[in-house]
S.K.: 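Pasting in a structure now, in structure tokens, and then I'll have a few things to ask.
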Amino acid sequence: DSGVTQTPKHLITATGQRVTLRCSPRSGDLSVYWYQQSLDQGLQFLIQYYNGEERAKGNILERFSAQQFPDLHSELNLSSLELGDSALYFCASSARAGRTDTQYFGPGTRLTVL
Amino acid sequence: GNSVTQMEGPVTLSEEAFLTINCTYTATGYPSLFWYVQYPGEGLQLLLKATKADDKGSNKGFEATYRKETTSFHLEKGSVQVSDSAVYFCALGGEYSSASKIIFGSGTRLSIRP
């Protein structure tokens, strides 16, 4: 158990819908990262937040957005969903945002878009 | 841009065999290097890491040495067990102090026969 929790574990929805994925980092960790794992794209970094502020952005679509709240939990919002958005979404956390910090991953949320 | 290339799977070995999974990287600066493991139905777990050239990361009998001259971080284990069956990801990250997104390789699926 990494100490990172993600809810829900599974999500099934239809095209065009909007969903919110939630992540609680390990106690004391200030950085939260979101990754997408799909069969065709592999594991891709989406976005990082550090202590409530956006720190780095990866291959995140404009239809997707995220935020980190004062209690440090984070939410990833996915809107106008398409079939290709079906994937496993991982959240990770680290103590800070330094180059040697270890990222601890949550169990993931499996999103299925029908 | 930065990238990670790891050997294609799947890799199938007999129990107690020697394991090598090759990983090479392309990066500017001084990245940290990681191996993550994903067991069936689970999230990613950090297996080992190295933060500078010539560092050796080790954990659970696995080892990898950060070789700057060959830009490699090959994963090795002297005697694999059935419980090592999983997908292994080589990853690069922490290149800059202010942004520590991780770039993952495509993953290598390892199956160990009893």
Side-chain angles (χ1 to χ4, degrees), chain A residues 1-7 9-10 21 23-26 29-51 53-60 66 87-110, chain B residues 1-10 23 25 27-53 55 57-59 64 66 73 86-109:
Chain A
D1 185 356
S2 67
V4 179
T5 60
Q6 290 186 247
T7 56
K9 195 171 173 63
H10 300 280
L21 313 183
C23 167
S24 293
R26 292 187 324 150
D29 282 1
L30 299 178
S31 263
V32 169
Y33 312 77
W34 286 98
Y35 293 86
Q36 179 194 58
Q37 185 178 33
S38 62
L39 284 175
D40 55 344
Q41 298 286 336
L43 257 168
Q44 288 202 309
F45 167 75
L46 296 178
I47 198 163
Q48 176 198 2
Y49 279 83
Y50 176 74
N51 205 19
E53 295 192 1
E54 183 183 303
R55 180 59 68 96
K57 220 167 185 174
N59 300 321
I60 188 165
L88 199 48
Y89 291 84
F90 286 109
C91 167
S93 75
S94 66
R96 295 169 306 276
R99 60 179 294 278
T100 61
D101 281 7
T102 296
Q103 293 184 24
Y104 295 89
F105 282 73
T109 293
R110 182 170 295 282
Chain B
N2 295 348
S3 65
V4 175
T5 304
Q6 62 181 104
M7 67 188 278
E8 295 269 336
C23 172
Y25 68 91
T28 55
Y30 303 95
S32 295
L33 298 172
F34 308 86
W35 277 101
Y36 279 85
V37 58
Q38 187 174 27
Y39 297 101
E42 296 185 14
L44 291 156
Q45 299 176 27
L46 178 68
L47 183 59
L48 53 84
K49 74 175 188 180
T51 58
K52 61 182 188 297
D55 265 3
S58 61
N59 186 25
Y66 188 159
F73 193 54
V87 181
Y88 292 80
F89 292 91
C90 184
L92 175 157
E95 185 181 354
Y96 303 106
S97 60
S98 61
S100 51
K101 69 177 183 181
I102 291 180
I103 297 171
F104 287 90
S106 55
T108 302
R109 183 175 298 278

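Within every chain, numbering begins at 1; the chains are lettered A, B, ... in the order of the sequence lines, protein sequences first and strands thereafter.
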S.K.: Go through the atoms of B:Gln45 and report whether side chain, backbone, both or neither lie under 4.5 Å from a heavy atom of chain A.
M.R.: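 Interface part for B:Gln45: neither.
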S.K.: Give the minimum heavy-atom separation between A:Val32 and A:Pro25, together with the two atoms involved.
M.R.: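 Nearest pair, atom of A:Val32 first, then A:Pro25: CG2-CB, 3.9 Å.
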S.K.: Could you look at A:Leu88 and say if it's the side chain, the backbone, both or neither that has a heavy atom under 4.5 Å from chain B?
M.R.: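 Only the side chain of A:Leu88 comes within 4.5 Å of chain B.
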S.K.: Would you indicate whether the side-chain heavy atoms of B:Cys23 and B:Val4 approach each other to under 4.5 Å?
M.R.: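 A side-chain contact exists here, since the closest heavy-atom pair is under 4.5 Å.
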S.K.: What's the shortest heavy-atom distance between A:Phe45 and A:Gly58, and which atoms?
M.R.: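 The answer is CE2-N, 3.4 Å.
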S.K.: So which of B:Gly43, B:Ala91, B:Gly105 has the largest heavy-atom pair count under 4.5 angstrom toward chain A?
M.R.: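 Looking at each of B:Gly43, B:Ala91, B:Gly105 in turn, B:Gly43 comes out on top.
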S.K.: Would you say that B:Ile102 contacts A:Tyr33 through its side chain, given a criterion of any heavy-atom pair below 4.5 Å between the two side chains?
M.R.: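 The answer is no; the side chains never approach within 4.5 Å.
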S.K.: Heavy-atom cut-off 4.5 Å, strictly under: side chain, backbone, both or neither for B:Leu44 against chain A?
M.R.: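 It is both, since atoms from each part get that close.
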S.K.: Just say parallel, tilted or perpendicular for the rings of B:Phe73 and B:Trp35, cut-offs at 30° and 60°.
M.R.: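 Ring orientation of B:Phe73 relative to B:Trp35: parallel.
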S.K.: Answer with side chain, backbone, both or neither: which region of A:Ser2 has an atom nearer than 4.5 Å to a non-hydrogen atom of chain B?
M.R.: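 For A:Ser2, neither part sits under 4.5 Å from chain B.
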S.K.: Side chain, backbone, both or neither: which part of A:Gln6 has a heavy atom under 4.5 Å from chain B?
M.R.: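 Neither; nothing under 4.5 Å.
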